[in-house]
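Down below is the structure, laid out as structure tokens.
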Protein chains: 2
Amino acid sequence: MTLKKSLARPDWWMDLPDGADTRHYLGVRDSIAAHIENGDLGHNACLPSERQLQSGTGAARGTVRAALFQLEAEGLIYRKERSGWYVSPAPIVYDPTRWEGFMSYVKAQGRDPKTELLGTCEVQATAALADIFGVDAGATLYELRRRRYVDDRAVLVETIYVDPRLAPGLLDHDLDGSLTQVLKREYVVDVARNRIDMQPCALTQAEAAALRVKSGLPGLLVTRISYDAQGRVVEYDQEYWRHDALKVSVDIRVG
Amino acid sequence: MTLKKSLARPDWWMDLPDGADTRHYLGVRDSIAAHIENGDLGHNACLPSERQLQSGTGAARGTVRAALFQLEAEGLIYRKERSGWYVSPAPIVYDPTRWEGFMSYVKAQGRDPKTELLGTCEVQATAALADIFGVDAGATLYELRRRRYVDDRAVLVETIYVDPRLAPGLLDHDLDGSLTQVLKREYVVDVARNRIDMQPCALTQAEAAALRVKSGLPGLLVTRISYDAQGRVVEYDQEYWRHDALKVSVDIRVG
DNA sequence: AAATAAATCTGGTGTAAACCAGTTTAGATA
DNA sequence: TATCTAAACTGGTTTACACCAGATTTATTT
């Protein structure tokens, strides 16, 4: 008669510190996290495959995956579909009050920014858009979709809307860089006020595909509405960020 | 000879819209999400149990759980350990620039705030703390831990550090409300500047326990350093929020 | 009616095994 | 050498159990 499996002492038993949480997947998590924090694995280094980790830890693959999901939620690792798991690089620090634009603040942090224009078009304002811009529903707006990179890793996709009355012919300009600068230089349109919303979200179908991540991964939705001195809406921007790529930092004088 | 199981058409096959994603767990997700968005389930309503959903959808329990995790990441539902899954209430809107304090802005949104003092003590400043306060390592600091609720759901736990030199005897006051007001009223200490950091994180052991959620759940770490007019650090605050309880909204004039 | 004990229900964790569909790599071919 | 192809590998998804411990409810006792 054999010992019931659940009563047999598993071979990873002794790895667990005394009095510690006995959850196996946390043990696996800690072990991987230790390797990362120890510096054994540099930024963007590839982790052993799930099946290797499985045999290495003696856990079932489901358990190994639970540990990997945990580390992903913590922002320590990310994945490329069907390729592997990788160590997350340090996040970009984002200060909404210091409005310099993506290109300059990424560069200022010693990282390599890149913007890719995915497409532009003219759209009819939906009710929500019309409300934001203070125009009639159905009015024409410019829409541009861009993808932005840090060190060649896609970190956000954004959809920007601009009122053509403020920037006629905008789509003919070079939009691979700072849109704010184009507006300033070509149209003498200056941003005087920003309204920024941030909310944890799940990356849906379209965003996830554009970031080449699994749909449903956690992300951060940053919405920005820029106004000029007259209170007109200059730009409405929806940015979907990888949740591990961003750290928000604000410095505010209190009245 | 029987048909191989994986080739047999599963009984949920016809539920999937044409051309849609064939991933079963997303189908389950959509079905639950529809019920929520439809209003069949009000805020804080309890979902059917995992095993009920299982038989209701014909999926394995693991698949049902994948769907629930997805909805949790999206902030639509939350769980009480070993009790059930519940519909998330609307998030609180938080404006770091408008520094009124938790109690007042939660109330302003028609919700019911509550603060609970978990404990206070005097601690020796660690290197990191000493650096923030500009004191010597080992200097004494007040530490207070609090838990804050919205409509009787715990949404954040915080650890606050205060320099005793600015507010001697602080711990003898009533700290169940606004700390900023106590500092202002009792010590004539006014906050002139705030530095606020926000970063997605995983709720670790202690925070998760205090929020009565599973350790490792995604959260948002909001760190605030408050300075007075002389640039002295008045207060250093680490807030661990449930990720589904908060929406950050900032309105900024651009110089 | 209130306190207590037991049965039941619920999520939490773990195992094992398949099969699928992109990615990557190594080898064969032009 | 460059290109193409096929095999190997990787994560992605799903099934089906099993057992645990906390939460809840029910029945029982005081």
Side-chain angles (χ1 to χ4, degrees), chain A residues 2-13 15-16 20-29 32 46-72 77-86 208-209 212-217, chain B residues 2-13 15-16 20-29 46-72 77-86 205 208-209 212-217:
Chain A
T2 59
L3 199 58
K4 282 184 72 177
K5 190 189 299 169
S6 62
L7 293 178
R9 180 177 293 171
D11 46 1
W12 44 266
W13 171 81
D15 286 322
L16 296 168
D21 208 311
T22 55
R23 286 177 286 181
H24 193 186
Y25 79 91
L26 286 183
V28 177
R29 186 224 87 100
I32 299 173
C46 188
L47 264 59
S49 80
E50 293 178 1
R51 286 164 175 90
Q52 274 177 281
L53 289 169
Q54 185 186 346
S55 62
T57 58
R61 198 170 146 220
T63 306
V64 171
R65 298 201 100 218
L68 292 168
F69 291 154
Q70 170 77 32
L71 288 162
E72 182 187 46
I77 64 175
Y78 66 100
R79 45 181 154 173
K80 292 187 197 162
E81 289 239 343
R82 277 164 247 270
S83 163
W85 294 87
Y86 301 83
R212 282 187 269 273
V213 301
K214 203 193 70 162
S215 156
L217 226 65
Chain B
T2 59
L3 198 58
K4 283 184 70 177
K5 189 190 300 169
S6 63
L7 294 177
R9 180 177 292 171
D11 46 2
W12 43 266
W13 171 81
D15 285 323
L16 297 169
D21 207 312
T22 56
R23 287 177 286 180
H24 194 184
Y25 79 90
L26 286 183
V28 176
R29 186 224 87 100
C46 188
L47 265 58
S49 79
E50 293 178 2
R51 286 163 176 91
Q52 275 177 281
L53 289 168
Q54 184 186 347
S55 60
T57 59
R61 197 171 146 219
T63 306
V64 170
R65 297 199 102 218
L68 293 168
F69 291 155
Q70 170 77 31
L71 288 163
E72 182 187 46
I77 64 175
Y78 66 99
R79 46 181 154 172
K80 293 187 198 161
E81 289 239 344
R82 278 166 244 269
S83 162
W85 294 87
Y86 301 82
Q205 186 73 63
R212 282 187 269 273
V213 299
K214 203 193 70 162
S215 157
L217 226 64

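Order of the sequence lines sets the chain letters (A, B, ...), proteins ahead of strands, with each chain counted from 1.
Residues passing the salt bridge (Lys or Arg N to Asp or Glu O under 4.0 Å) test with B:Arg61 are B:Glu50, sequence neighbours excluded. Applying the side-chain contact (heavy atoms from CB on, under 4.5 Å) rule to B:Gln52 yields the partners B:Pro48, B:Ser49; only residues at least two apart in sequence or on another chain are considered.
In this structure, OH in B:Tyr86 is found 11.5 Å from CD1 in B:Ile77, a value given to the nearest 0.5 Å. Here CZ of A:Arg65 is found 9.5 Å from CD of A:Glu72. Values are rounded to the nearest 0.5 Å. Interatomic distance, B:Cys46 SG to B:Lys80 NZ, rounded to the nearest 0.5 Å: 8.0 Å.
Taking the side chain as every heavy atom from C-beta outward, B:Val28 and B:His24 approach each other to under 4.5 Å.
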*So B:Thr63 and B:Thr57, side-chain contact (heavy atoms from CB on, under 4.5 Å) or not? Walk me through it.*
CA-CA 10 Å; B:Thr63 306; B:Thr57 59; over 6 Å; no

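A straight line from CG of A:Leu53 to P of D:dC9 spans 16 Å, rounded to a whole angstrom. Rounded to whole Å, atom C1' of D:dG12 lies 8 Å from atom CD of A:Glu50. Rounded to whole Å, atom P of D:dC17 lies 18 Å from atom CZ of B:Arg65. B:Gln54 has its CD atom 15 Å from the P atom of C:dC9, to the nearest Å. Remark: C1' of D:dG12 and CH2 of A:Trp85 are 10 Å apart, rounded to the nearest angstrom. Rounded to whole Å, atom P of D:dC9 lies 19 Å from atom CG of A:Leu47. Residue A:Leu71 contributes atom CG, which lies 14 Å from atom P of D:dG11 at whole-angstrom precision. In this entry the distance linking CD of A:Gln52 with P of D:dC9 reads 10 Å, nearest Å.
Remark: A:Arg51 is not in phosphate contact with D:dT10, judged by side-chain N or O atoms under 4.0 Å from OP1 or OP2. Residue A:Ser49 places no side-chain N or O under 4.0 Å from the OP1 or OP2 atom of D:dC9. At D:dT15, one or more side-chain N or O atoms of B:His24 fall inside 4.0 Å of OP1 or OP2 (strictly under the cut-off).
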*Assign a letter to each nucleotide of nucleotides 21-26 of chain D from its 5' end: B, base within under 4.0 Å of a protein heavy atom; S, sugar-phosphate only; -, no contact.*
BBSS--

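The base of D:dG12 is paired with the side chain of A:Arg61 by a donor and an acceptor separated by under 3.5 Å.
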